[in-house]
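Encoded as structure tokens, the structure appears first; notes follow it.
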Amino acid sequence: MLSRSTILLLGAACVFCASLALAAAPKPFRVCADPENMPFSNQKMEGFENRIAEVIAKDLGAPLRFIWWGQRRGFIRNTMNATLEEGRCEVMIGAPAGYDLVRTTKPYYRSTYVFVYRKDKGFQIKTLDDPILKTVRIGVHVLGEDYSNTPPAHELSKRGIVSNVKGFDTFYSEKNPPGTIIDAVAGGKIDVAIVWGPAAGYFVRRQQVPMAMVPVPSRKGDLPLAFDISMGVKRGEDALHDQVEKALERNREQIDRILNDYGVPNLQTRVQSQAAPAEQKSPDVYQTVYNGWKWWHVYCFRCHGTNAIATTLAPDLIDPNEKLTLKEFLQVVQNGSANGKMQAWSKLIDEQQITQLYTYVRARADKVLPPGRPDEVGPNGGPWVPPAGWPKR
């Protein structure tokens, strides 16, 4: 019979061995993903982001684990920043380059919004300014009731194209699958769809009728319609970010093949993201103003005007008499105006975004930034260069 001391020693040894095994186990590669968003990802592991995640996890020698959450407002808060540790993840496979809620890698593909229409319609639509868009039935994706619609929806509205536009919900389910908008074109329910390229390419291939896909160009002053796509890594996970970036480079050819297999229109223009142009003398100021311009033309322009040029609906924020301090600006935007005419925006945009908005408005009010996109109003039609010493503290 074993002595008590022997049993205790054996027990300690087992605990020690188990501890060594746990210590030796590689940390999982935890990916934040949408459970129902083909062709990007789903729980059946059928999306191209599922496959790319498998490639990177294998390269890193880490077991792959997905944390599922619908990719809409609150996605990062409920995944990377989840309250419970077991609900957290560190990587999103597709993030717009420069997305400020995560630390993005170098872009690994670039795609664009596209026009989609049946070839037998005989359309030759090449731009958003084609007169036919005022008469045909157009489908676009909408992101809900939080004033955060897609760039094509904003650009059509800016051109007065509204009454013939049908919105397609991006809250996907069995009753509302991701390919619904392409099915509507194929079935004749709408004439033209303007869709993010990766989604269009995948579902167009699955239609029985021949369909055209044409990249949508953005003219000067338009919102961007083509985007560099990176991987997003949780802020503070710098070592993981570097590992993922190197794995992307090592597996570029395989990733390109996956994108091609899914019909992703890949512009393959590996340029630096607009959000952080290296050539700027003041990149932090430029990026802040650029992001402010971007948020302005998502949330603010309907009442306060395109390019911060006032309308009759709201105060002129570039009028020197209306100039607010940052503290005052934050107070009004977060909590709404004292007279109740402006809603509180604290649930939709955070303090960093409001600060970026303020810097953009201040650049316009101080007359150092002309009207238009900051990446197009600088020397020779290039990025804007902040004046030396601006803004004064």
Side-chain angles (χ1 to χ4, degrees), residues 23-34 37 40-41 47-69 71 73-111 198 227-256 258-259 264 266 268-280 283-284 286-288 290-291 294 350-353 355-356:
K27 184 178 179 180
F29 185 65
R30 300 191 299 183
V31 173
C32 324
D34 193 313
N37 189 22
F40 304 94
S41 63
F48 69 80
E49 291 187 356
N50 294 121
R51 289 183 56 188
I52 291 171
E54 290 172 344
V55 169
I56 300 301
K58 182 178 179 181
D59 182 278
L60 297 178
L64 177 60
R65 181 185 172 198
F66 282 91
I67 300 296
W68 303 109
W69 196 275
Q71 196 160 350
R73 186 168 298 282
F75 180 69
I76 299 297
R77 182 178 67 250
N78 290 295
T79 54
M80 289 188 183
N81 300 325
T83 302
L84 298 177
E85 197 279 334
E86 59 266 28
R88 293 181 204 145
C89 44
E90 290 79 37
V91 179
M92 58 187 297
I93 300 301
Y99 183 45
D100 55 7
L101 295 184
V102 297
R103 185 180 176 195
T104 53
T105 64
K106 293 177 183 176
Y108 66 95
Y109 76 96
R110 179 176 176 83
S111 198
F227 298 90
D228 293 316
I229 303 300
S230 308
M231 287 195 183
V233 180
K234 184 176 180 178
R235 290 196 172 276
E237 296 282 350
D238 295 338
L240 178 60
H241 171 273
D242 295 345
Q243 292 169 3
V244 169
E245 193 157 72
K246 290 174 183 176
L248 279 170
E249 285 298 325
R250 287 192 294 267
N251 295 279
R252 184 170 292 280
E253 289 186 8
Q254 187 175 356
I255 290 170
D256 284 346
I258 291 171
L259 295 172
V264 174
N266 190 354
Q268 296 181 340
T269 305
R270 293 174 188 164
V271 297
Q272 190 174 21
S273 170
Q274 291 175 326
E279 69 273 19
Q280 298 304 312
D284 292 340
Y286 172 86
Q287 182 172 344
T288 299
Y290 180 88
N291 286 339
K294 177 179 67 175
D350 59 30
E351 186 168 319
Q352 181 183 31
Q353 291 169 307
T355 301
Q356 292 167 346

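Since we're looking at a predicted model, the values are computed, not measured.
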N/O donor-acceptor pair under 3.5 Å between [X] side chain and [Y] backbone:
{"X": "Asp256", "Y": "Glu253", "result": "no"}
{"X": "Asp228", "Y": "Pro107", "result": "no"}
{"X": "Gln243", "Y": "Leu60", "result": "no"}
{"X": "Thr288", "Y": "Asp284", "result": "yes"}
{"X": "Asp350", "Y": "Gln353", "result": "yes"}

Could you measure the distance from the [atom1] atom of [X] to the [atom2] atom of [Y]? Nearest 0.5 Å is fine.
{"X": "Tyr286", "Y": "Asn291", "atom1": "OH", "atom2": "CG", "result": "9.5 Å"}
{"X": "Ile52", "Y": "Tyr109", "atom1": "CD1", "atom2": "OH", "result": "7.0 Å"}
{"X": "Leu240", "Y": "Glu245", "atom1": "CG", "atom2": "CD", "result": "11.5 Å"}
{"X": "Asn78", "Y": "Leu84", "atom1": "CG", "atom2": "CG", "result": "11.0 Å"}
{"X": "Ile255", "Y": "Leu248", "atom1": "CD1", "atom2": "CG", "result": "5.0 Å"}
{"X": "Arg51", "Y": "Ser41", "atom1": "CZ", "atom2": "OG", "result": "14.0 Å"}

Give the minimum heavy-atom separation between [X] and [Y], together with the two atoms involved.
{"X": "Val102", "Y": "Ala95", "result": "CG2-CB, 4.5 Å"}
{"X": "Cys89", "Y": "Ile67", "result": "CB-CG1, 3.7 Å"}
{"X": "Lys27", "Y": "Ala62", "result": "O-CB, 3.4 Å"}
{"X": "Gln71", "Y": "Gly94", "result": "NE2-O, 4.0 Å"}
{"X": "Phe66", "Y": "Ala53", "result": "CZ-CB, 3.8 Å"}
{"X": "Ala33", "Y": "Phe75", "result": "N-CZ, 3.9 Å"}

Apply side-chain contact (heavy atoms from CB on, under 4.5 Å) to the pair Met231 and His241, showing each step before the final yes or no.
-> CA-CA 9 Å; Met231 287 195 183; His241 171 273; over 6 Å; no
If you define the side chain from C-beta out and look only at heavy atoms, does anything of [X] sit under 4.5 Å from [Y]?
{"X": "Val244", "Y": "Phe29", "result": "yes"}
{"X": "Ser111", "Y": "Phe227", "result": "no"}
{"X": "Lys106", "Y": "Ser230", "result": "no"}
{"X": "Arg88", "Y": "Arg30", "result": "yes"}

Met92 and its side chain to side chain contact (heavy atoms under 4.5 Å, CB included) partner, picked from Leu101, Thr79, Ile76 | Ile76
Kindly indicate, with the supporting measurements, whether the criterion side-chain contact (heavy atoms from CB on, under 4.5 Å) is fulfilled by Asn81 and Lys234.
-> CA-CA 9 Å; Asn81 300 325; Lys234 184 176 180 178; 3.8 Å; yes
Side chain to side chain donor-acceptor pair (under 3.5 Å) pairs, two or more places apart, involving residues 52-65 = Asp59-Arg250, Asp59-Asn251
With sequence neighbours excluded, tell me which residues meet side-chain hydrogen bond (donor to acceptor under 3.5 Å, both in side chains) with Arg103.
-> Asp238
Determine, step by step, whether Trp69 and Asp34 satisfy the side-chain contact (heavy atoms from CB on, under 4.5 Å) criterion, reporting the C-alpha distance in whole Å, the side-chain angles of both residues, the deciding distance to 0.1 Å, and the verdict.
-> CA-CA 5 Å; Trp69 196 275; Asp34 193 313; over 6 Å; no
Any Lys/Arg nitrogen of Glu249 or Arg252 sitting under 4.0 Å from an Asp/Glu carboxylate oxygen of the other?
-> yes
Given Gln356 and Lys294, is the side-chain contact (heavy atoms from CB on, under 4.5 Å) satisfied, shown in steps?
-> CA-CA 9 Å; Gln356 292 167 346; Lys294 177 179 67 175; over 6 Å; no
